Amino acid sequence: AEKIILDVDTGSDDAVAIMTAILSPDIQVEAICSVAGNKDIDKTTENTLRVVQHLGADVPVYRGCSQPLVKFLREDRQPKKVHGLELVVDGKAVQMHADTLDIPEAKIHEQETPAPVFYLNYLHQAEEPITLVAVGPLTNLAVALMLDPMVVEKVKRIVVMGGGYKVTNATSTAEFNIWYDPEAAQRVLDSGAEVVFVPLDATHRACVSKSDCARFREIGTKASVFAAELIEQRILMHNAFQPLDIPDAAAVHDALAVCYVINESVLKDVRYVHCAIGFRGLGEGQTVVDPRHVTAEKNCWFAFDGDREKFVAMLNEILALGE
Ligand code: BDR
Ligand code: CA
């Protein structure tokens with residue numbers, strides 16, 4: 001099994017990603033780090049602990065950064081403002097990410113070490129380079145890399161759910177994770193690590209439909225039933241605000257990044273490109289991929305497409321494991 005460290009801002013699709021990683025026999029989750037993004041750090045940490053506890057897994061959770069690296073003073077990065085759209089269904093407000101996940105409150109506890117410090121400790125001791133899978137804003141990794149840029153030698157690759165070439169969600173030019181902390185994303189790109197972007201172009205193509213959810217429900221494990229609930233809620237939001245090519249379907253972004261580690265062929269049209277991050281104005285948080293042939297030095301892998309069938313088949317198989 002491949003050892004990974006997961007970095008999350010749980011989050012409905014983060015929750016599916018965590019369950020997929022924990023249950024997959026091909027992955028060994030060494031630790032999970034929380035970060036502020038979808039919700040404030042208290043909520044993303046609590047939600048992460050809830051998911052770990054829900055599966056009865058023995059994985060340490062480290063609390064990460066509560067604010068973005070540079071944009072922490074910005075009004076639109078304050079936790080109360082990063083709320084997202086809301087839909088009223090049967091008199092109840094539905095969001096893409098509920099404040100707290102609808103599973104029992106966490107009785108397990110987070111570790112004492114802050115996430116960036118954990119990264120340094122872990123990587124310093126690591127005998128072999130490890131894969132990092134970051135599916136929230138990249139603040140924790142940026143801080144760790146700032147404290148000790150040399151740890152990059154112990155990083156096999158960084159799989160990042162984030163960015164978008166033709167598809168965006170936070171603004172007209174930006175995807176949420178990169179938009180929330182653009183400077184952190186640039187620092188990760190500049191670190192020298194191998195970076196693989198799993199952007200919206202891929203996650204929107206490899207979407208999960210209502211009938212896929214019905215099948216997850218039938219499987220009847222804790223993970224499959226909870227995933228079905230989470231994804232059905234995401235479908236409501238997609239239908240209302242960003243319908244996909246396939247009707248009644250949702251992107252489950254973060255889980256696709258985890259599945260890539262298990263089976264790379266779940267992403268399609270993965271190209272080595274030059275990407276720079278926009279910091280301000282209209283292009284704030286944009287992943288500016290250079291489409292030209294003559295271009296600045298290429299610095300990352302970027303997935304332009306995803307394999308929906310393969311992704312759903314993997315979720316079916318993996319979420320069926322466990323109780
Ligand atoms: C990303 O933003 C978050 O809202 C999701 O959890 C995902 O990581 C998609 O843009
Ligand atoms: Ca996320």
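Small disclaimer: the values here were computed from a predicted structure and weren't measured. Whatever order the structure lists ligands and atoms in, that order sets their numbers, starting from 1. Sequence positions, counted from 1, serve as the residue numbers for this chain.
- The Ca ion (ligand 2) sits nearest to atom OD1 when only the N, O or S atoms of Asp9 are considered.
- Under the 4.0 angstrom criterion for non-hydrogen atoms, Met96 is not in contact with ligand 1.
- At least one N/O/S atom of Asp254, whether from backbone or side chain, sits less than 3.0 Å from the Ca ion (ligand 2).
- Residues Val167 and Val196 share a single hydrophobic cluster, defined by chaining ILVMFWY side chains whose heavy atoms lie under 4.5 Å apart.
- Between Trp301 and Tyr272, the ring planes lie tilted relative to each other; the angle falls in the 30° to 60° range.
- In the model, Asp7 has a side-chain atom that pairs as donor or acceptor with a side-chain atom of Tyr119 under 3.5 Å.
- Counting protein heavy atoms only, atom 9 (C) of ligand 1 is closest to Glu175 OE2, 3.1 Å.
- When hydrogens are left out, the protein atom nearest atom 8 (O) of ligand 1 is Asp254 OD1, 2.6 Å; that is the closest non-hydrogen contact.
- Linking ILVMFWY residues whenever their side-chain heavy atoms come closer than 4.5 Å, directly or via other members, leaves Val198 and Tyr165 in distinct clusters.
- Closest to atom 6 (O) of ligand 1 among all protein heavy atoms lies Asp13 OD1, 2.6 Å.
- Side-chain contact, Thr48 with Thr10: a donor N or O sits under 3.5 Å from an acceptor N or O.
- The distance from ligand 1 to the heavy atoms of Asn169 drops below 4.0 Å at these ligand atoms: 9 (C), 10 (O).
- Considering backbone and side-chain N/O atoms, His97 comes within less than 3.5 Å of an N/O atom of ligand 1.
- Each of the atoms 1 (C), 2 (O), 3 (C), 7 (C), 8 (O) of ligand 1 lies under 4.0 Å from some heavy atom of Asn177.
- The closest protein non-hydrogen atom to atom 4 (O) of ligand 1 is Asn38 OD1, 2.5 Å.
- Atoms of ligand 1 found under 4.0 Å from any heavy atom of Met161, numbered from 1 in the order shown, are 1 (C), 7 (C), 8 (O), 9 (C).
- Salt-bridge formation is detected for the pair Glu284/Arg77: a Lys NZ or Arg NE/NH1/NH2 atom is positioned less than 4.0 Å from an Asp or Glu carboxylate oxygen.
- At a threshold of 4.5 Å between side-chain heavy atoms, the hydrophobic network of Ile, Leu, Val, Met, Phe, Trp and Tyr places Phe176 and Val135 in two separate groups.
- Taking every heavy atom of both residues into account, Leu85 and Met237 meet most closely at O-CE, 3.3 Å.
- With 3.5 Å as the limit, one finds a donor-acceptor pair spanning the side chains of His124 and Asp148.
- At a threshold of 3.0 Å, the Ca ion (ligand 2) has a backbone or side-chain N, O or S atom of Val135 nearer than that distance.
- Residue Asp14 approaches ligand 1 through these ligand atoms, each under 4.0 Å from one of its heavy atoms: 6 (O).
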